[in-house]
Enquirer: 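Sending over a structure as structure tokens; questions will come in a sec.
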Amino acid sequence: MPQPRKIVITSALPYANGPIHLGHLVEYIQTDIWSRFQKMRGNECYYVCADDAHGTPIMLRAQAEGITPETLIARISEEHQQDFARFNIAFDQYHSTHSTENHYFATTIYERLKAKNHISRKTITQFYDPEKSMFLPDRFIKGTCPKCKATDQYGDNCEACGATYSPTDLIDPKSVVSGATPIEKETEHLFFELAHFEDELKTWTHKGHLQTQIANKLDEWFESGLRAWDISRDAPYFGFEIPGEKDKFFYVWLDAPIGYMASFKALCDRKGMDFDQYWGKDADTELYHFIGKDIIYFHALFWPAMLSGADFKTPNAIFSHGFLTVDGQKMSKSRGTFIMAKTYLDHLNPEYLRYYFAAKLNGRIDDIDLNLEDFAQRVNSDLIGKVVNIASRCAGFVVKKFDGKLCETWSPLALALYQSFIDKSEDIAGLYEKREYAQAMREIMGLADKANEYIDDTAPWVLAKDPEQQEALHESVSLGINLFRVLITYLAPVLPTTSAKSADFLQLSSLQWHDIEQPLVGHTITKFKPLMTRIEPESLTKMMDASKTDIAAQAPKEGNQNNEAEDLDPISDEIEFDDFAKIDLRIAKIVNAESVPKANKLIKLTLDIGLGERQVFAGIKSAYDPSELIGKHTVMVANLKPRKMRFGLSEGMVLAAGPGGKDLFLLNPDDGATPGMRVK
RNA sequence: GCCUCCUUAGCUCAGUUGGUUAGAGCACCCGACUCAUAAUCGGUAGGUCCUGUGUUCAAGUCACAGAGGAGGCACCA
């Protein structure tokens, strides 16, 4: 047998600002399956993770809840770990980026990089929120990408074209915290000189550490050039203070991936392992990061550069996966397709989802869809109908007729069939290794079909009636049980609970991959108890209904969660009456409305406000048909500075609420209000 | 209008560097069986591989154009 490999694997750290949902679970399940698979194969494998606990969103949310950030992250960590545990995600260590280990590695890496002149300092003009009296983090400014002119992009990199830049390069920036237009203010920041690593990274990204799709994407990023990465943030900030600086903190994205190391260090301390053997510069152990396709930039560029620059081992590979859709649609709170881990667990067995994801995952970065009808059918027929059924249909005979004991000798035919199952072992292992789980599941189910065919061919229920055939019967059902054991072993990485129950039933202390090379002969099993029950369609409807209410319950508590358009905005800062009085709101009658043909969001409104007519372009096409608007009364901001748009001059704005899309609701005054009346 | 990505059986997906009559599972229908969680086994049926044009001896696979879908952008002051 080959030497056991020494492997460290990670999943991306969930942000300590919201609940775990089914989208997260794609990654944790994918990683956990891989981890369990490696362990079953006899490799030394450590799966570590942590909460990503720093940054402005956490700070602001804690403020909003009137608690300290430490209290907040402790609570969220608890919630996250509960969800993970119930989904059987078996971390060897679950830690936090707000930990002494992480502080140590963050400062160590920083100091090493600094010593090698990879850290520079520049006084930059950064955006500052005058209402909140704070510098705005990259992700709290949105604006237009200077390269491709994509709007609504974050301050650090453009999701549309992949360009990187600094927030001041943004066109038309806005504070996400207060909505105010930020002012520019000078401050000194520290930078990690990514460009020093350009050659190294160009080589690294094409050495098989990344999926090809990703490596190609990175080439585009190389073309637009690597810029220094701003790694410091000014107070107030929830994070680690930078050594040798005053009121400067490490940017959350600097210490987040370092959290992988911190978590592993905590594991080493607990287990008496040598950290350097795994993370030292020349470590020959293996290191893999499972991540979503959205955070490739950090993991494929910054992270290897940081590690290399600080004399640590770089990852052997980064495994990216796609996003989850539910019934073909993006997970969305307003559509009710946003399913939290907790909600799922209230209604369904986690093994179902683990299997379904496994049945769909491959080694590429394609999105996967949770189709609820397919989900129920697939799980029921594959797992219950095929696999579990094999044990169920043989066990009765073994227990009743042979006192639970499997036969001692096998015919050549039986041996050959068993061997044909074992012959697949390395193929299936290879598929797991390549993260081609979908294909692995197909192979395993093909074998399950063969097992059922065998039972049918030998017809134990017929043999049972013939006293002459007891030996044949014994072999048939014993082989059936043995085949089941092989199948459940192959499935064990995916189905930890069911396989554990199966081990009980088979009276085996564990299910290791290579154990199946020896069939169970003369071995005694126990009475069969159902290992898994089928999915009731009603539980799916219940779960979907509950998702809608659970989200509603979550929403007020959530406060501002960046990145989620459906979330409620936080209440803005207090203003003086005078500030309010500046806004001249008027009742307006929509006298004409026409859609702007070349724009897919705009409707051109002609508004009567008593004192004349105004032309306003409103981005409400997704929710309203122009014809239904004509004649309606609404409210407009009458003294807003007119704005030249591509399609004409917009002389104000109409008031509407809602997250967007179809959920957009125009304000409508009560009967009696007439055009021109001031709203106050 | 522009950019990116999709489109193979009712559903979920395979289809290797272009190479015979395009595959699987599930669902459906028919039959068998009754050991098994109405599970299982056999069989039938089901596809203009989105459309069109082209390259080629040969196209699901390549190129171009178009349609439909998803996402992004121009605009939503």
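Below, chain A is the first sequence line, B the second, and so on; all start at residue 1. Keep in mind it's a predicted model, so treat the numbers as computed, not measured. Heavy-atom basis, side chains included; hydrogens, waters and symmetry copies ignored.
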Enquirer: Watson-Crick or G-U wobble partner for C13(B), using a 3.5 Å limit on both distances?
Expert: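 The answer is G23(B), by the H-bond criterion.
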Enquirer: Return the pairing partner of C73(B) with a 3.5 Å limit on both distances, Watson-Crick or G-U wobble; otherwise return none.
Expert: G1(B)
Enquirer: Reckon Gly385(A) touches a base, only the sugar-phosphate, or nothing at all at heavy-atom distances under 4.0 Å?
Expert: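 Result for Gly385(A) = sugar-phosphate.
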Enquirer: It should be established whether Lys360(A) places a side-chain nitrogen or oxygen under 4.0 Å from OP1 or OP2 of nucleotide C13(B).
Expert: yes
Enquirer: Report the distance from atom CG of Leu479(A) to atom P of C35(B), rounded to the nearest whole Å.
Expert: 20 Å
Enquirer: What's Asn380(A) touching, base or sugar-phosphate or nothing? Going by heavy atoms closer than 4.0 Å.
Expert: nothing
Enquirer: Pick the nucleotide of RNA chain B nearest each of Gln439(A) and Arg393(A); which residue has the one closer to the 5' end?
Expert: Gln439(A)
Enquirer: Distance from Arg586(A) atom CZ to Asn639(A) atom CG, nearest 0.5 Å?
Expert: 8.5 Å
Enquirer: Under a 3.5 Å cut-off for both distances, is U34(B) Watson-Crick or wobble paired, and to whom?
Expert: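 For U34(B), the partner nucleotide comes out as none, under the 3.5 Å rule.
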Enquirer: Please classify the nucleic acid contact of Asn371(A) as base, sugar-phosphate, or nothing, using heavy-atom distances under 4.0 Å.
Expert: sugar-phosphate
Enquirer: Could you check whether Ile390(A) gets within reach of a base, just the sugar-phosphate, or nothing at all, counting any heavy atom under 4.0 Å?
Expert: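 Nothing: the residue Ile390(A), judged by heavy atoms under 4.0 Å, touches no strand.
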Enquirer: Between Lys386(A) and C26(B), does any side-chain N or O lie under 4.0 Å from OP1 or OP2?
Expert: yes
Enquirer: For A58(B), which nucleotide in any strand shown is its Watson-Crick or wobble partner with both distances under 3.5 Å?
Expert: none
Enquirer: By the 4.0 Å heavy-atom rule, please label Val637(A) as base, sugar-phosphate, or nothing.
Expert: nothing
Enquirer: Could you identify the nucleotide paired to C29(B), looking across every strand shown and requiring Watson-Crick or G-U wobble geometry with both distances under 3.5 Å?
Expert: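 The answer is G43(B), by the H-bond criterion.
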Enquirer: Tell me if the aromatic rings of Tyr432(A) and Trp34(A) count as close, with their centers under 6.0 Å from one another.
Expert: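 So the answer is no for these two rings.
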Enquirer: Determine, using ring centers only, whether Phe402(A) and Phe397(A) are less than 6.0 Å apart.
Expert: no
Enquirer: Counting heavy atoms from C-beta on, name the nucleotide in A36(B), A77(B), G25(B) closest to the side chain of Met653(A).
Expert: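 That would be A77(B).
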Enquirer: Any side-chain to backbone donor/acceptor pair from Thr634(A) onto Leu667(A)? Under 3.5 Å, distance only.
Expert: yes
Enquirer: Just checking Pro530(A): base, sugar-phosphate only, or nothing, at a heavy-atom cut-off of under 4.0 Å?
Expert: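 If one applies the 4.0 Å heavy-atom cut-off, Pro530(A) turns out to touch a base.
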Enquirer: Of the listed nucleotides (U37(B), A77(B), C11(B)), which one gets closest to any side-chain atom of Phe528(A)?
Expert: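 Minimum distance to the Phe528(A) side chain belongs to U37(B).
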Enquirer: Just by modelled atom types, is the Leu353(A) backbone N or O under 3.5 Å from a matching donor or acceptor in the Tyr344(A) side chain?
Expert: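 It does hold such a pair.
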